[in-house]
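Below, read A as the first sequence line, B as the second, and so on, with proteins coming before strands; counting in each chain starts at 1. Computed from a prediction, not measured in an experiment: that's the story for all the values here.
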Amino acid sequence: MCAAVKYNLRGPALIPRMKTRHRIYYITLFSIVLLGLIATGVFQFWPHSIESSNDWSVEKRSIRDVPVVRLPADSPIPERGDLSCRMHTCFHVYRCGFNPKNKIKVYIYSLKKYVDDSGVPVSNTISREYNELLTAISDSDYYTDDINRACLFVPSIDVLNQNALRIKETAQALAQLSRWDRGTNHLLFNMLPGGPPDYNTALDVPRDRALLAGGGFSTWTYRQGYDVSIPVYSPLSAEVDLPERGPGPRRYFLLSSQTALHPEYREELDALQARHGASVLVLEKCTNLSEGVPAVRKRCHRHQVFDYPQVLQEATFCMVLRGARLGQAVLSDVLRAGCVPVVIADSYILPFSEVLDWKRASVVVPEEKMSDVYSILQSIPQRQIEEMQRQARWFWEAYFQSIKAIALATLQIINDRIYPYAASSYEEWNDPPTVCHEGIQACWHALLLPKNRPRFVDVLIVFPSVLEKWGSVSNPLFLPLIPPQSQGFTAIVLTYDRVESLFRVITEVSKVPSLAKLLVVWNNQNKNPPEDSLWPKIRVPLKVVRTAENKLSNRFFPYDEIETEAVLAIDDDIIMLTSDELQFGYEVWREFPDRLVGYPGRLHLWDHEMNKWKYESEWTNEVSMVLTGAAFYHKYFNYLYTYKMPGDIKSWVDAHMNCEDIAMNFLVANVTGKAVIKVTPRKKFKCPECTAIDGLSLDQTHMVERSECINKFASVFGTMPLKVVEHRADPVLYKDDFPEKLKSFPNIGSL
Amino acid sequence: MQSWRRKALLLALSASWLLVLLGAFPLLRLAVPTRPRAGASQGWPRWLDAELLQSFSQPGELLEDAPEPPQGPRGGSCDWGACFDASKCRGGGLKVFVYSAAGPVSETHRRILASIEGSRYHTSNAAEACLLLLPLTRDSSAGECSPVPPQWNGGRNHLVLSLHPAPCPRTFQLGQAMVAEASPTVDTFRHGFDVALPLLPEAHALRGGAPGQLRQHSPHPRVALLALAEERGGWHTAGTNFSACPWDGRCEQDHGPEQTHPGATLPNATFCLIPGHRPDASHFLQALQAGCIPVLLSPRWELPFSEVIDWTKAAIVTDKRLPLQVLAALQQMPLTRVLALRQQTQFLWDAYFSSVEKVIHTTLEIIQDRIFGASAHPSLLWNSPPGALLALSTFSTSPSDFPFYHVQQGSRPVGRFSALIWVGAPGKPPLKLIQAVAGSQHCAQHSFSEPQALGSMLRMQRKSRKIPPQIQIQILVLWSSEKPPPPRWPETAVPLTVSEGHRKVSDRFFPYNAISTDAILSLDAHSSLSTSEVDFAFVVWQSFPERMVGFLTWNHFWDEALGGWGYTAERANEFSMVLTSAAFYHRYYHTLFTHSLPEALRALADEAPTCVDVLMNFLVAAVTKLPPIKVPYRKQHQEARPPLAPEGRGPRPEPQPPVRNCINQMAAGFGHMPLVSSRLRLDPVLFKDSVSVLRKKYRSLEKP
């Protein structure tokens, strides 16, 4: 196009100079060229102008143009499914190999149209849903177009609905796939298995060793740990717009919306309704609908007409009864409505039951107990019902709402089997996204920094009402355990150039019985540490680590030299701590190994005037931080500080040369959900002459800076993780009227 | 002119063609490749006519699913809905009857019986049982191990239990019976119906059991990365330099540090590789106990209690065909995951596997959970400490009702408490104590407008008038004296409920319905506390809701001379028990005390009243594995201590022999000594600091 315009611009400059008789000639010539250009351009650009530019590389064809494959009548048929198949027997795991990303590679066969000898098609070429499914796989990280690198193969032969295909010929079509090899590593998706009259619960197409993602498995056909149970997709999910409705009591206690039920069940439901009156609603198919109203979207009770699926939102519990097939699409509608499904289908394997905890979202009642269903449901406390309603809705959002969600969840399950050490955890599969009450910032934090939760939907909906929560945590040191005293601790002294003070600290600390090793982190690159002979002689190994850069975070680096779990971080000017105090601090740490146990305590406060956090170091009745100038903690927190500190906190601390201790307090409180322990009474820890230098003004800027740190960190963490407590730890007999010499730690608190 | 014209024409033509080429070529280049270039990802095509595709099911099809008549169990196969009659189990929960052996009772059989008798599941009447348990044991009458029992009834509601593998061929059809056996093969195991047991060694402890070997949360930096289970039964420890050497025994020439421990039974490594053959399942328990993360190589057996235990949190099930991949993954595993896996192995070992009793109880609890359906244990209760056996689902199924899960749930215990005052023999109303407690700012707001009945045995009295709702509190007086309670009670600003007990000491730990708060302040009539002390202790309890927070303490010790445990009330530098005559704890421990402790232990406590303190401390310590917490207690109370110990309760200079016996009997009943000592006391932050008393929140604690 651009060229044509340019040409046009130049054209008029030439034309006036020519004689009229030639002018026509030239104009004709140029017009032809111009037209040719435009035609070329239009021809090339036309198909693409309606597609997004990303799809340029994708083939554009009509489904009617796919190649036709004729299957000879005597072409081989795979064996029937092997019921004893497990991943480690029937799955060819070598194909998946080592993969640093821990993602399997999935190949999709290209689409073919299969006809039998007489030219009659084997099935519909492809359904809308299966096309969506293959598109979803193709767009995902799992996809590869290199058949040689693939670990899993997905045929493009659509077997979603068994009724829409010819069994023998479909099997023949499968068998002639280029990498079929008895179906090894092939994955078939089927939602409607079986056919009249006996409705098998798994796809009847012989498929040998192929994995089956099936929508109606029973315990007898499901190969635990091999097949994947998937939902039956409800087309209403896409067709109907159903605004979310929060959990809580609803108009009907129990509702049944299925239209085609066995007469025996129907009788049972009618009896339930008769017994419990208006709280039970049994809906049927409408018989007298006017023309043009889709029957799928209406349900009737006597002469009342209800909209479906909207009516499901009016009920607390919704029946999901077995029909001819075990898997019912109504389950998806029910979950979406936030109605707790009451599944009455003996031996049914619920969708994704390998990873989803259905106890949290549904009630499974044996068919035999159907008449008791009302009393069973009534025994469930209201709080639990609301939890289940929320959970049901979350399951739908995450795993049911689209074909894409179903396809990706299936692949994730298979992926987790092959890379078990990188598998998603129970919590990642089952816990709904946390809801935040601590302000919009915390909410955004939760949304922006999700864990590697398998989330297959692009839109994340936050539930509006949930119990007030602090934000749940999973403590990395959750096992109640008191480590043995014999292990001891490693003292880490961060120093720059105060050698004299450093040596005094080393001498003092070395008197502590449980000290196992002393590590000096030499943070001064311009000066060498004193010679070996000058260092104090102490009874434990002393190591000096020289750092490459003068950074505060060097103090929290997980040095290989640290062999004990307990770490004592101590500044090079803390000379006033007694050996009893340090030993007692270590004893306290043993009883609280997942906390920061420190000497000087500090507090954070909300400043109502300034509307922000404030740092407080006065004599207060409360504590929420301890300074790491003298604190015991688990060495794992060094690892967390160095490698898992959120946001830019680490670089911020290094740039400001301040607040590394506040950052550590935030980190530990955030990951454990627990408060610090302050040990022993308040006293001066530094040498008196050191404090004399600090003037009042210096002190005040210091406080302002520290307050800034708290506000900065609170915004990065998206919450205020620090916990305030009113207690500190003292020896059992501290200040008791008891002979001092019989006390274990007599020298505590003395100045 | 002609030439000029020709030149112009030529120029125009060439210019136009040049422009065509220059201008169109880049565009052509973009537009032309409808055919893929080599290496470009092509993907599934976007069909031009995708909109026209039909749905996989016609709108009617999903609805008109033709009905099919209900069907019974198929092909002799059973599942829970079809083969278990849960209607017999309504009411009293799971009641289990154990068949007694026909001939001489074998050791295994005796142990199974012993672990069920005295538990809450046991019934001696086969007719009222909902589950009939048939132990399969090896050494009863020769050859045939268990004849078909009398109430067999096609195996319905039966559990055939074989603790040890392959005892003898079964001589009868299983019918509808469930099977609980050690490490069943995956091919025959029926999920949700059978129960997979661990492969226990013959000498497994009956009760208590050996504690886990884990002494620290993170692996020691010098410990080996891998240990490999050997066929002979030992472990082969490979150093970190295991190179490409796999684990199938071809590794003898392996270089690097390595050791073989034929005698040592427990591995010392971070990961334990266990081959997938069935006999190797015995290594699995050893790894759990040692805190060594089991890496199972294509196991052919079902993992124990897989129905409820989330093994992905404690073990790695992987494919033996990918050795290099597994090794690389183990080496690269993030530290956080390693820590979590290690700790989980220990928790699981302690909660479900360390003794025969725990294994049997876990089996029964799983079956009870199936019966309970929606009110079964949530997965969280099974998979985090202290485990489902100690978190009774009959108490609640909501984790935040328990004291253990507040951190995980991000919840807090309710900010109020109920005082429970136990009035023993002298029968003097504890007026001063009531005043002191009623003054506390945290004492429970009574949520009932009318006095609550505590049961038929109770009498009520309420002496409250014109109470502003925010300071309403709840005090329960448990009158357990021979004398009748006085008709008049002091006027307090709190609702006071008086109830008459059975004069049994264990009554004080009954889960009374009237207790509506999470926290209970347990008191004796003779306890003496100030309001400050109560307030501070409660604030501390809120930080440690799973522990007991008390004022007076005892300490236990091992008495070499007598070869048994003893305990003392002497003031010492450490303690392991707090007296329940003045202590805060969670109300859940009342439920646990009454419904989970064996009958025999509670009877023991009733006989020797001092024992009840020991028992309660044992219980809490066994659940938490942590010491109780001591808070400051004013000296003047301590000097006036003798009244704290009415009729032999409370500390004495020398515990009498029966008391010493008590702690030993408790230890025997628990199978181990659960008590843990602590060396610290929690004081207010400014406690006895040299700062103005006006700055201090708990001033009365400061008085000497």
Side-chain angles (χ1 to χ4, degrees), chain A residues 3 7 33 44 57-59 62-63 88 93 98 127-129 134-135 138 145 160-161 219 235 259-260 262 296 323-324 329 346-347 357 363 366 380 420-421 426 469-472 476-477 479-480 483-484 563 565 587-588 619 621 623 636 639 673 681-682 725-730 732 735 744, chain B residues 16 19 23 31 40-49 53 55-57 59 62-68 79 81 191 215-218 221 298 310 316-319 321 325 329 335 339 343 346 374 379 407-410 539-540 543 573 625-626 679-683 685 688-689 691 695 697:
Chain A
Y7 187 74
V33 170
Q44 293 297 345
S57 60
V58 177
E59 196 172 359
S62 163
I63 282 176
H88 55 253
V93 78
F98 180 68
S127 66
R128 187 169 68 224
E129 283 80 7
L134 296 181
T135 309
S138 159
D145 61 351
L160 278 183
N161 182 356
T219 44
T259 51
H262 189 263
V296 193
D346 283 358
S347 81
D357 183 356
V363 183
I380 304 173
Y421 27 77
Y426 170 91
K469 284 191 172 182
W470 279 14
S472 53
L477 307 171
L479 189 73
E563 296 193 31
E565 281 195 296
E587 298 287 342
V588 173
W619 296 81
N621 284 291
V623 172
Y636 171 69
Y639 164 84
R682 190 179 171 117
V725 290
E726 300 186 13
H727 52 73
R728 70 160 200 246
D730 287 325
V732 174
K735 295 260 172 175
S744 300
Chain B
S16 64
L19 275 169
S41 179
Q42 193 190 352
W44 183 251
R46 301 293 192 269
W47 300 107
L48 296 174
D49 39 9
L53 289 178
S55 175
F56 76 110
S57 65
L62 289 175
L63 301 172
E64 305 296 329
D65 214 358
E68 189 205 3
D79 69 4
H191 281 268
R215 290 283 165 268
Q216 55 180 61
H217 286 101
S218 54
S298 307
D310 180 2
I316 294 166
V317 179
T318 186
D319 204 300
R321 293 172 292 176
Q325 185 186 340
L335 181 59
L339 284 189
Q343 294 173 69
Q346 286 294 281
S379 172
V407 170
Q408 278 135 300
Q409 294 284 301
V539 169
V540 169
S543 292
N573 285 300
K625 319 234 182 298
L626 293 171
R679 312 190 74 178
L680 60 91
R681 182 182 73 198
L682 293 183
D683 293 334
V685 171
K688 301 212 168 159
D689 276 0
V691 67
R695 282 194 171 227
K697 187 171 171 188

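- The minimum heavy-atom distance between P476(A) and L339(B), with the atom names listed, is O-CB, 4.4 Å.
- Here the OH atom belonging to Y426(A) is positioned 8.0 Å from the CG atom belonging to D310(B), to the nearest 0.5 angstrom.
- Heavy-atom pairs under 4.5 Å with chain A peak, among V317(B), L626(B), V691(B), at V691(B).
- Counting heavy-atom pairs closer than 4.5 Å to chain B, the top residue among V363(A), L160(A), V725(A) is L160(A).
- Of the inter-residue distances, the one linking H191(B) atom NE2 with T219(A) atom OG1 reads 10.5 Å to the nearest 0.5 angstrom.
- Nearest heavy atom pair, residue P235(A) against residue S55(B), reads CG-OG, 4.5 Å.
- How far CD of Q216(B) is from OH of Y636(A): 15.0 Å, rounded to the nearest 0.5 Å.
- Contact of the R46(B) side chain with the T135(A) side chain is registered, since non-hydrogen atoms from C-beta on lie closer than 4.5 Å.
- Contacts of E587(A) with chain B are made by side-chain atoms alone, with heavy-atom separations under 4.5 Å and no backbone atom involved.
- Only the side chain of D357(A) comes within less than 4.5 Å of a heavy atom in chain B; its backbone stays farther off.
- A side-chain donor-acceptor contact under 3.5 Å links H217(B) to the backbone of L479(A).
- Rounding to the nearest 0.5 angstrom, the gap separating the CG atom in D689(B) from the CH2 atom in W619(A) is 5.0 Å.
- A donor-acceptor distance shorter than 3.5 angstrom exists from the side chain of N621(A) to the backbone of R695(B), with no hydrogens or angles considered.
- Highest contact tally toward chain A, considering only Q346(B), R679(B), K625(B), is held by R679(B) [criterion: heavy-atom pairs under 4.5 Å].
- Nearest heavy atom pair, residue D49(B) against residue I63(A), reads OD1-N, 3.0 Å.
- If you measure heavy-atom distances from I380(A) to chain B, the contacts under 4.5 Å come from the side chain alone.
- Nearest heavy-atom pair across S138(A) and W44(B) is OG-N, 2.8 Å.
- In terms of heavy-atom pairs under 4.5 angstrom with chain A, the leader among I316(B), T318(B), L335(B) is L335(B).
- Minimum interatomic distance between F56(B) and E129(A) (heavy atoms only, all atoms of both residues): N-OE1, 2.7 Å.
- Residues E565(A) and S218(B) approach most closely at OE2-N, 2.8 Å, considering heavy atoms.
- Options H727(A), R728(A), R128(A), E563(A) differ in how many heavy-atom pairs under 4.5 Å they form with chain B, and the most are formed by R728(A).
- Of the two parts of L680(B), the backbone and the side chain both hold a non-hydrogen atom closer than 4.5 Å to a non-hydrogen atom of chain A.
- Judged by distance alone, with hydrogens and angles left aside, the side-chain atoms of D730(A) form no donor-acceptor pair with the main-chain N or O of D683(B) at under 3.5 Å.
- When heavy atoms are compared at a cutoff of 4.5 Å, L682(B) approaches chain A by way of both its backbone and its side chain.
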